[in-house]
Amino acid sequence: MPNTQLDLSERLASVQKRISQSTKSAGRPDGSVELLAVSKTKPAADIREVCNLGQRDFGENYLNEALQKQADLTDLDICWHFIGPIQSNKTRALAEHFDWVHSVDRLKIARRLSEQRPAELAPLNICLQINLDDEESKAGIALDELDALIKGIKLLPKIKLRGLMAIPAKQNSFAAQKASLLRLSKALLPYSHNDRDFDTLSMGMSADLDAAVAAGSTMVRIGTDIFGARSPTTETIKR
Ligand SMILES: *Cc1c(COP(=O)(O)O)cnc(C)c1O
């Protein structure tokens, strides 16, 4: 299916509608769930279209691809989020070119991001990635490692700890998705209680958006339902 302008605007509108309907049926305040448009493998022209429709936050997984698109889109006011696996030799570019990094799961990475964040920029917003289902194929720490990691990260001057992120294992029902995602919501509570900035639950993708909103997500990361399916060949360049 070609990504014509009309397709993108219709798709974006339909995702926005799903978010507002899920927010309402969960009894949550209007506007309490932000949309992160995940543009990995999609051309800069698509990002420009979606940005011109009023979307400001975009998420990318692959650093070199993201840097190229950022260079093509410097005239736009975009808030860039990195959501992919992090190699420690790539932290400088992340610290210099992104506003948020959602996939931090090691103190060493956080330390480098803090050291390499340019002095003139605000502290880098980060989320800690949790491997909710203990899957070997996915990055992230176990929930019982969270406390220790947070204690280390709190001391870093150029890092602003914003919340938790997860990519749960696939579930086939709304109830099972919600149960899984609720574990992440519960894990945030003791921290969000004491720290007003530590308020972000980055969870929910195209397949579990509605369950994620029901479970308390504050930022859903939606790719396919906005930009269309990704081609399998580009998907395999994961790590
Ligand atoms: C690709 C990706 C998404 C978007 O997934 P869709 O199913 O296309 O909506 C969200 N989060 C992460 C971490 C991703 O890698």
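Counting starts at 1 for both ligands and their atoms, following the listed order. Side chains included, hydrogens not; waters and symmetry mates left out as well; all remaining heavy atoms used.
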Ligand 1 atoms in contact with [X] (distance to a heavy atom under 4.0 Å):
| X | value |
| --- | --- |
| Ile83 | 11 (N), 12 (C), 13 (C), 14 (C) |
| Arg221 | 4 (C), 9 (O), 10 (C), 11 (N), 12 (C), 13 (C) |
| Ile167 | 13 (C) |

(request) Kindly assign one of parallel, tilted or perpendicular to the pair His102 and His81, based on the angle between their ring planes and the thresholds 30° and 60°. (result) tilted
(request) Using the side-chain hydrogen bond (donor to acceptor under 3.5 Å, both in side chains) rule, pick out the option among Thr218, Asp199, Asp195, Asp197 that qualifies with Arg162. (result)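 So, applying the side-chain hydrogen bond (donor to acceptor under 3.5 Å, both in side chains) to Arg162 and each of Thr218, Asp199, Asp195, Asp197, only Asp199 qualifies.
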(request) Kindly check if the number of other-residue, nucleotide or ligand heavy atoms within 6.0 Å of CG (Asn194) is above 12? (result) yes
(request) Determine whether more than 12 heavy atoms belonging to other residues, nucleotides or ligands lie under 6.0 Å from atom CG of Asp75. (result) yes
(request) Determine, considering heavy atoms only, which of Arg230, Lys40, Met203 sits nearest to atom 15 (O) of ligand 1. (result) Lys40
(message) Minimum distance, heavy atoms only, to atom 8 (O) of ligand 1: which one of Val220, Thr224, Ile222 is it?
(response) Thr224
(message) I need the contact type for Asp225 against ligand 1. Using non-hydrogen atoms and a strict under-4.0 Å cut-off, is it side chain, backbone, both or neither?
(response) neither
(message) Heavy-atom pairs closer than 4.0 Å: do any link ligand 1 to the side chain of Asn61, the backbone, both, or neither?
(response) side chain
(message) For Ser180 and Gln171, which I'm curious about, is there any donor-acceptor pair between the side chains at under 3.5 Å?
(response) no
(request) Would you check whether Val38 has a nitrogen or oxygen atom less than 3.5 angstrom from a nitrogen or oxygen atom of ligand 1? (result) no
(message) What I'd like to find out is whether the side chain of Arg18 reaches to under 4.5 Å of the side chain of Asp210, using heavy atoms alone.
(response)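 Yes; the side chains approach each other to less than 4.5 Å.
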